[in-house]
Amino acid sequence: IYLYIYIYTHLVNVQGSGNGESYQERLSRLEEDKESLVLQVSVLTDQVKAQGEKIRDLENSLGEYQHKLKSTEEMLQQELLKRSSLESQKLGLMDEVSCLKLKLENMEEKHIKIITLLLLLLLSPKGIAEKMKDMTNSDLSSVSSGVDSGQQSPVLQENVKNSSIRKLWGKMKRTGVLSDDIEPTQFKRGGFRATAGPRLTQTPDSGRSSRAHTPFSKWTTEQVCGWLEDIGLGQYVSLARQWVNSGQTLLSATPQELEKEICIKHPLHRKKLQLSLRAFSYKTMEKSSELDHIWVTRWLDDVGLPQYKDQFYESKVDGRMLQYLTVNDLLFLKVTSQLHHLSIKCAIHVLHVNKFNPNCLRRRPGDENKTSPSEVVQWSNHRVMEWLRSVDLAEYAPNLRGSGVHGGLIILEPRFQSETLAMLLNIPPQKTLLRRHLTTNFNSLVGPQAQQEKQEFANASGHAPLTTTAKVRPTKLGFTNFRQLRKLKVDESADYICPMDTGTPPALSGTPKRTYGSFRGISPNLACMLIFCCRSLLHTLNFPLPCIVLSHWL
């Protein structure tokens with residue numbers, strides 16, 4: 001029993017001493033872990049402080065970059081404004097250059113007229129003829145005497161003077177200034193006088209009055225040449241005098257003969273001559289024929305496209321050619337912008353509605369509070385700029401120079417909306433309040449009906465928004481179409497920029513009508529031919545049908 005108690009107590013003491021050692025080791029390990037954790041926490045706090053400093057530095061640099069970005073945006077906006085002002089100045093200088101060219105040509109014409117007037121005042125036609133005969137006789141005698149005497153220098157000087165007089169005499173005879181049927185002492189009201197001031201229109205001479213009472217087929221060669229000079233095709237007079245026998249020669253000529261005999265290689269010159277000859281053959285005088293090519297250059301200023309004045313002037317585009325202008329003609333005149341095509345299209349439509357009244361466009365500002373779509377459609381480009389000034393957008397108004405924006409484009413074109421006008425005015429998209437102000441005034445200007453039509457057109461499927469960079473590309477013809485194209489006349493193969501049978505636009509009248517972009521169809525002559533063929537076919541089949549129904553169907 002004693003031995004068992006001793007052994008038990010010894011084992012208990014051994015176990016207690018072993019457990020005590022394990023607790024001390026654990027405590028020491030925990031203290032070491034605590035020290036390591038404290039060290040790690042201190043390291044992490046230092047890293048957090050460093051990262052916080054870096055974040056503050058990055059925020060400061062971000063603020064500096066944002067400030068620099070704002071300053072660069074302001075500088076960019078100023079550069080855009082400067083560029084728009086420079087472009088407006090460039091267009092203004094181009095206008096001044098074109099006006100100076102026109103003034104120079106007018107001054108040259110006046111100079112020639114003044115010389116002829118001085119000669120008419122000094123000498124009568126019969127006196128000039130006798131003078132020429134005396135000069136030629138004196139020249140022959142002087143030449144013979146000079147040959148006999150051997151002194152030829154004075155004779156050469158007189159020959160030079162007489163040759164210049166003969167050239168001037170020939171020009172006066174060709175232009176019809178001198179005619180043998182007018183007596184030198186005969187007084188004619190409306191003619192040239194020494195006290196007469198400058199006239200706005202040309203004074204009708206005897207050749208023009210004689211042409212008015214004679215059919216074109218019976219005109220003489222000189223009358224035809226004078227008529228060519230009157231319509232602006234004076235550069236072809238010399239060749240026409242050699243080929244044309246009478247007016248019937250031009251009436252029966254084909255485009256190939258005109259190009260071969262008179263060398264009219266310019267397509268628009270050839271088209272102008274053909275349209276004028278067609279008016280003589282049909283004996284119909286259109287109101288558009290009263291507008292000459294000088295008026296068309298002023299009309300381009302009114303519609304906001306002065307950059308094309310030189311091309312239109314060189315091509316001698318007059319009012320009749322505007323009526324029959326095609327897409328290919330505009331491309332030949334270097335008008336490639338789709339927006340400018342639509343501008344010319346709507347402007348010609350306004351002329352159609354106003355029966356080619358030369359003063360139909362309004363240039364002066366009126367009462368801004370009492371405007372209707374029927375008045376806005378007649379606004380010129382300058383009048384639209386005045387409207388922008390009245391709605392507190394004067395700083396953006398000069399950007400419309402050369403843009404082609406006028407009242408007809410604003411009202412008649414369904415794709416022209418306030419966003420298009422904002423793009424043309426170079427209003428940044430960030431200025432939402434300014435664009436909203438423009439949209440409100442634009443909607444009140446065009447009226448509720450036109451605004452509804454524009455919105456319906458915008459919501460239609462397949463709608464393509466109108467942009468300022470879109471170009472018009474020429475239509476490509478296949479190889480088999482050239483043979484048929486040569487057989488067609490002037491107006492049968494034409495895709496007119498504005499057809500002749502356009503009525504009042506739906507924005508101006510209360511009746512619904514198809515949109516402006518869908519006016520392209522068959523030409524009037526082709527429609528008449530189809531009506532005649534269908535009517536004859538139905539007559540042979542004993543199926544009567546009124547011609548009005550056929551025309552409405554076509």
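Taking the six-membered ring for Trp, Phe332 and His266 have ring centres closer than 6.0 Å. Ring pair Phe280/Trp227: centre-to-centre distance below 6.0 Å.
Residues Ser84 and Asn399 bring a donor and an acceptor atom of their side chains to less than 3.5 Å of each other. Side chain to side chain, Thr297 and Lys309 fail the donor-acceptor criterion of an N or O pair below 3.5 Å.
In this structure, Leu425 and Leu438 have side chains that are in contact, with non-hydrogen atoms separated by less than 4.5 Å. The closest side-chain heavy-atom distance from Tyr308 to His340 is below 4.5 Å. Residues Leu342 and Leu466 meet the side-chain proximity criterion, which asks for heavy atoms closer than 4.5 Å.
By the salt bridge (Lys or Arg N to Asp or Glu O under 4.0 Å) test, Arg298 pairs with no residue at all, sequence neighbours left out. By the salt bridge (Lys or Arg N to Asp or Glu O under 4.0 Å) test, Lys454 is found to be paired with no residue, residues two or more places apart in sequence or in another chain being considered. Applying the salt bridge (Lys or Arg N to Asp or Glu O under 4.0 Å) rule to Lys287 yields the partners Glu290; only residues at least two apart in sequence or on another chain are considered. Annotation: side-chain hydrogen bond (donor to acceptor under 3.5 Å, both in side chains) contacts of Asn106 (sequence neighbours excluded): none. Every salt bridge (Lys or Arg N to Asp or Glu O under 4.0 Å) that Glu87 has, sequence neighbours left out, goes to Arg83.
A cation-pi arrangement is present between Arg278 and Tyr324, with the terminal nitrogen or guanidinium carbon under 6.0 Å from the aromatic centre and inside a 45° cone about the axis.
Ring-plane geometry between Trp379 and Trp387 is classed as tilted, the angle between the planes lying from 30 to 60 degrees on a 0 to 90 degree scale. In this structure, Trp295 and Trp299 have parallel ring planes: the angle between them is below the 30° cut-off, well short of the 60° mark. Note: Phe442 and Phe416 have tilted aromatic rings, judged against thresholds of 30 and 60 degrees for the angle between ring planes.
Listed by first and then second residue, the salt bridge (charged side-chain N to carboxylate O under 4.0 Å, His left out) pairs involving residues 323-336 are Lys271-Asp329 (not counting sequence neighbours).
A salt bridge links Arg241 with Glu222: the closest approach of a Lys/Arg side-chain nitrogen to an acidic carboxylate oxygen falls below 4.0 angstrom.
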Where do Ser343 and His406 land on the side chain to side chain donor-acceptor pair (under 3.5 Å) test, with the steps shown first? CA-CA 8 Å; Ser343 174; His406 53 88; 3.3 Å; yes

